[in-house]
Number of protein chains: 2
Amino acid sequence: MIYRVKRWHNHAMTASVRPGPRERLLLAAQELTYTHGVGVGVDSLLKAADVARRSLYEHFGGKDGLIAEVLRRSTAEDVAKYRATMDAAGDDPRTRLLAVVDQLGRIAAGPDFRGCRYLAADLALTDQEHPGHEVTRAYRHTLHGLFTDEFTALGHPRPAFAADQLLILVDGLLAAGAARPEDRPPAAAARELAEHIVDAGLPAAATADPATAP
Amino acid sequence: MIYRVKRWHNHAMTASVRPGPRERLLLAAQELTYTHGVGVGVDSLLKAADVARRSLYEHFGGKDGLIAEVLRRSTAEDVAKYRATMDAAGDDPRTRLLAVVDQLGRIAAGPDFRGCRYLAADLALTDQEHPGHEVTRAYRHTLHGLFTDEFTALGHPRPAFAADQLLILVDGLLAAGAARPEDRPPAAAARELAEHIVDAGLPAAATADPATAP
DNA sequence: GACGCGATAGATCAATCGGTCTATCTATTT
DNA sequence: AAATAGATAGACCGATTGATCTATCGCGTC
């Protein structure tokens, strides 16, 4: 894959107007691939970004490269949001983890929530060799590490295992949000499940489960 | 040429002859929409089913109608599988529910597992007016009812709520399976989570959680 | 001012999209 | 045997797919 690195700092001084074509393309693709899926046409992307056709192939080598780059950027942004949510919740790992679940429940209940972008990409890109799959795997790995750190700080006997459970919970919550059961908001159910996952690792917990206790 | 009996208005009784075009189309579409997503081309479907182009529009009115019908049929089949799994597990609701999770964990770990067909359809069909969405909602509703019945038989204080949790768990498990974390099989994590969901409703449980107790 | 690079517009490409059409063939029904 | 309904093959439709091309334009740097 050949993609050229552009000197943005040159344009950065005059960037008060509007970003370059590469940036515009990324922004438009980030939105359109979420609302319309990764199957959006190149023409739609170019029109939405107001960018010449050639720029796409100059910067990303093709549609697949653009999609992969969109996923990469989204990964960085979303991981930062996870961190921000946890940091805003304080220092207690338990509070930090539950804050993530609550926040996701809020997002998934939003009117314009369209499901998890990474899972949607994995399911839509039926070609397993698509470069996007590697990005989504890295995303999940990062998220898993994020959770594992908190469980470790919590003193959880099996932090990686608990992170697995929390990841399943998150995926299920986002899936339920995407399915939009208009009468049954999944946030409450997910919240209680998350509490159990977290509390199962508390050493001094009064609700210790003998099956999972060390 | 292969001869065929014309009795196919009550199909599914004679298996030795090859099914009619409608049935062939459904079978081919069921497989292709799963492996290649609902975005498969009509030509691929027709070629795989060895069916004339016109038959598609005669029987289903178009691609959307075919997809919706495929989802309907899959729903019926999958719900039957859920029931069969539970019935094979005996009469104890606890055992029956855990058997479902175990079975799904096995399926999700299979080499040709490509994720939940219904969630994939919901995410891929970005047009919210697509007839497929109604089918997937009905599927989830049926599944939820299936779970609720078991939780009710279990004496769970909040059977619908527990069914919500189990549905989230199932979706998360299938999502994790679709993401294929090559080193971290999600079945074990899901299993323990399922045990908690189920046991939280056991009246005589020794591990009763005061936060969730009535 | 000349140069060069990045971006632009847009023609063009073969391929495919979903869908409609005519014509023919086959099998059953009357 | 004639009539009829179902299925087939395949041409055909306009639109769109992702991608490559030429040509021009804008702008900053020599």
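Note on naming: letters A, B, ... go to the chains in the order of the sequence lines (proteins, then strands), and numbering restarts at 1 for each one.
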Notebook entry, point to check: Under the side chain to side chain contact (heavy atoms under 4.5 Å, CB included) criterion, do A/Ser74 and A/Tyr118 qualify, and how do the steps go?
Noted result: CA-CA 9 Å; A/Ser74 297; A/Tyr118 310 98; 3.2 Å; yes

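- Ion pairing of B/Asp122 with B/Arg137 is absent here, as no side-chain N (NZ or NE/NH1/NH2) approaches a carboxylate O to less than 4.0 Å.
- Straight-line distance from the CD atom of A/Glu58 to the P atom of C/dA9: 15 Å, rounded to whole Å.
- Less than 4.0 Å separates DNA chain D from no heavy atom of any residue of residues 26-34 of chain B.
- For D/dG6, the OP1/OP2 oxygens have no side-chain nitrogen or oxygen of B/Ser55 closer than 4.0 Å.
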List the atom pairs, donor and acceptor, that lie under 3.5 Å between side-chain atoms in residues 123-132 of chain A and the rest of the protein, sequence neighbours left out.
unit_1: A/Asp127; atom_1: OD1; unit_2: A/Glu129; atom_2: N; d: 3.0
unit_1: A/His130; atom_1: ND1; unit_2: A/Gly132; atom_2: N; d: 2.9
unit_1: A/His130; atom_1: NE2; unit_2: A/Asp64; atom_2: OD1; d: 3.2

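- B/His156 is not listed as a side-chain neighbour of B/Val198, based on a closest heavy-atom distance of 4.5 Å or more.
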Note to self: Protein within reach of the bases, or only the backbone? For nucleotides 14-27 of chain D, mark each nucleotide 5' to 3' as B, S or -, using heavy atoms under 4.0 Å.
What the structure shows: ---BBBB-BB----

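- The side-chain heavy atoms of B/Arg22 and B/Glu69, taken from C-beta on, include a pair separated by under 4.5 Å.
- Salt-bridge formation is detected for the pair B/Asp50/B/Arg18: a Lys NZ or Arg NE/NH1/NH2 atom is positioned less than 4.0 Å from an Asp or Glu carboxylate oxygen.
- Judged purely by atom type and a 3.5 angstrom limit, A/Tyr139 has no side-chain atom pairing as donor or acceptor with the backbone of A/Arg72.
- Between B/His59 and D/dA7 there is a side-chain polar atom (N or O) within less than 4.0 angstrom of OP1 or OP2.
- Look at CG on B/Asp50: it is 6 Å from P on D/dA9, rounded to the nearest Å.
- Among the nucleotides D/dT8, C/dT8, D/dA9, the one closest to the side chain of A/Pro21 is C/dT8.
- Rounded to an integer number of Å, the gap from B/Arg24 CZ to D/dG6 P is 15 Å.
- Of the possible donor and acceptor atoms, one in the side chain of A/Lys63 sits under 3.5 Å from a partner among the backbone N and O of A/Val38.
- The CZ atom of B/Arg22 sits 17 Å away from the C1' atom of D/dA5 (whole-angstrom rounding).
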